[in-house]
Amino acid sequence: MRILVVGASGTIGRPLCAELATRHEVIAAGRSGRDVAVDVTKAESIEQMYRRVGHVDACICVAASGALDHFADLTEAALIENMRGKLFGQINLVLIGQRYLADNGSFTLTSGIFADEAWPGVTGGAIISGGLHSFVLSAAIELPRGLRINAVSPTMVADSAEEFGGLFPGMKPVAMDRLIAAYVDCVEGNGTGGIVKAYG
């Protein structure tokens, strides 16, 4: 398969690309992508990316992250800005990409644990992940040509625990190899409409 990985140079993207490259052709995309550049906050940039890469069998997004927030000071404007990349960017990868993926191709998005477990300081992230879950469920029954869609919902990644663990005391991280396996299963399997919880 030809697999487009958006966010290829990130913490998850690098090992994911390495694993997929053992069996597939991987196209690495990101703000300064190795193969193609894309800004997921801009629909026109996403369209240009798909036009440049041509035929692909799958698109995986591990780009963008929800910002931390302080509920007492949270505003509509801050929430909208937070949603621009991880929510609307990933949604646009599907809405635009459905015209470019091969028949029976797949989309795999990234949500997160905050859709299901409440933690302080991440209201925006919770809204984003919950919205992505609802989008995946709806898109799975609407996408044409046998296209599939799933979301991987990780907790904190073990590789980032040293940097971010202090912000989420008590949160058990997920091992990187287990997380990568979740993405691979979404691409190489046959399921659609799935929310794959990769928790520690």
Side-chain angles (χ1 to χ4, degrees), residues 1-67 77-112 124-125 127-129 131-154 180 183-184 186-188 192-193:
M1 285 189 284
R2 287 189 90 224
I3 301 174
L4 173 65
V5 178
V6 180
S9 62
T11 301
I12 300 171
R14 290 190 301 273
L16 176 59
C17 287
E19 173 61 26
L20 290 170
T22 64
R23 297 179 299 284
H24 307 287
E25 178 185 351
V26 175
I27 302 145
R31 282 188 177 273
S32 54
R34 184 175 69 240
D35 299 316
V36 61
V38 63
D39 180 352
V40 296
T41 67
K42 298 177 180 178
E44 60 270 23
S45 181
I46 292 172
E47 183 95 45
Q48 290 170 2
M49 173 193 68
Y50 278 120
R51 288 177 178 170
R52 286 172 186 155
V53 301
H55 164 91
V56 290
D57 300 292
C59 174
I60 304 173
C61 184
V62 288
S65 59
L79 285 172
I80 291 171
E81 184 60 31
N82 200 5
M83 293 176 184
R84 198 175 304 280
K86 188 164 183 179
L87 180 61
F88 295 119
Q90 292 196 91
I91 287 173
N92 275 330
L93 282 171
V94 178
L95 296 180
I96 297 169
Q98 65 181 318
R99 302 192 298 271
Y100 292 91
L101 255 66
D103 291 354
N104 304 308
S106 71
F107 296 97
T108 304
L109 309 183
T110 301
S111 59
I127 294 169
I128 288 167
S129 292
L132 284 169
H133 290 183
S134 296
F135 175 74
V136 165
L137 294 174
S138 294
I141 64 170
E142 295 271 12
L143 283 167
R145 301 185 291 106
L147 296 177
R148 299 183 298 109
I149 183 169
N150 298 284
V152 175
S153 177
I180 295 306
Y183 285 99
V184 172
C186 287
V187 174
E188 296 182 344
T192 191

* To do: Begin with the C-alpha distance, continue with both residues' side-chain angles, and end with the deciding distance and a verdict on side chain to side chain contact (heavy atoms under 4.5 Å, CB included) for Arg31 and Thr41.
  => CA-CA 10 Å; Arg31 282 188 177 273; Thr41 67; 4.3 Å; yes
* Evaluation steps, side chain to side chain contact (heavy atoms under 4.5 Å, CB included), between Ile128 and Asn82 -> CA-CA 8 Å; Ile128 288 167; Asn82 200 5; 3.9 Å; yes
* Begin with the C-alpha distance, continue with both residues' side-chain angles, and end with the deciding distance and a verdict on side chain to side chain contact (heavy atoms under 4.5 Å, CB included) for Leu4 and Leu101. => CA-CA 10 Å; Leu4 173 65; Leu101 255 66; over 6 Å; no
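Rounding to the nearest 0.5 Å gives a distance of 12.0 Å between CG of Leu132 and CD1 of Ile127. Rounding to the nearest 0.5 angstrom, the gap separating the CG atom in Leu16 from the OH atom in Tyr183 is 7.5 Å. Distance check, rounded to the nearest 0.5 Å: CD1 of Ile27 to CZ of Arg34 gives 10.5 Å. Atom NZ of Lys42 sits about 10.0 Å away from atom CZ of Arg84, to the nearest 0.5 Å. Going from atom CG of Leu147 over to atom SG of Cys59 covers 11.5 Å, rounded to the nearest 0.5 Å. Once rounded to the nearest 0.5 Å, the distance linking CZ of Phe88 with CD1 of Ile80 reads 7.5 Å.
Under the side chain to side chain donor-acceptor pair (under 3.5 Å) criterion, Thr192 pairs with no residue, sequence neighbours left out. Checked against side chain to side chain donor-acceptor pair (under 3.5 Å), Arg23 has the following partners two or more places apart in sequence or in another chain: Glu19, Glu188. In this view, Ser134 satisfies the side chain to side chain contact (heavy atoms under 4.5 Å, CB included) rule with no residue, not counting sequence neighbours. Contacts of Glu47 classified as side chain to side chain donor-acceptor pair (under 3.5 Å), with partners at least two apart in sequence or in another chain: Arg99, Tyr100. Scored by the salt bridge (Lys or Arg N to Asp or Glu O under 4.0 Å) test, Arg145 finds Asp103 as partners (sequence neighbours excluded). By the salt bridge (Lys or Arg N to Asp or Glu O under 4.0 Å) test, Arg52 is found to be paired with no residue, residues two or more places apart in sequence or in another chain being considered.
The backbone N or O of Ile3 sits nowhere less than 3.5 Å from a side-chain atom of Asp57 that would complete a donor-acceptor pair. At distances below 3.5 Å, at least one donor-acceptor pair connects side-chain atoms of Tyr50 with backbone N or O atoms of Leu93. For Thr110 (side chain) and Cys61 (main-chain N/O), a donor-acceptor pair under 3.5 Å exists by modelled atom type. No donor-acceptor pair closer than 3.5 Å links the side chain of Glu81 to the backbone N or O of Ala78. Of the possible polar contacts, none joining the Arg148 side chain to the Thr108 backbone as a donor-acceptor pair under 3.5 Å is found.
The shortest non-hydrogen separation linking Ala43 to Asn92 is CB-ND2, 4.0 Å. Between Ser129 and Ser111 the shortest heavy-atom distance is OG-C, 3.4 Å. Contact detail for Ala29 and Met49: the closest heavy-atom pair is CB-SD, 4.0 Å. When all heavy atoms of Ala102 and His55 are compared, the closest pair comes out as CB-CE1, 3.2 Å.
Side chains of Val62 and Val152 form no contact here, defined as non-hydrogen atoms less than 4.5 Å apart. A heavy-atom distance below 4.5 Å is found between the side chains of Ile149 and Leu109.
Test Val136, Leu143, Ile46 against Val94 for side chain to side chain contact (heavy atoms under 4.5 Å, CB included) and you get one pass: Leu143. Shown are Leu20, Val184, Val26, Val6; of these, the side chain to side chain contact (heavy atoms under 4.5 Å, CB included) with Ile60 is made only by Leu20.
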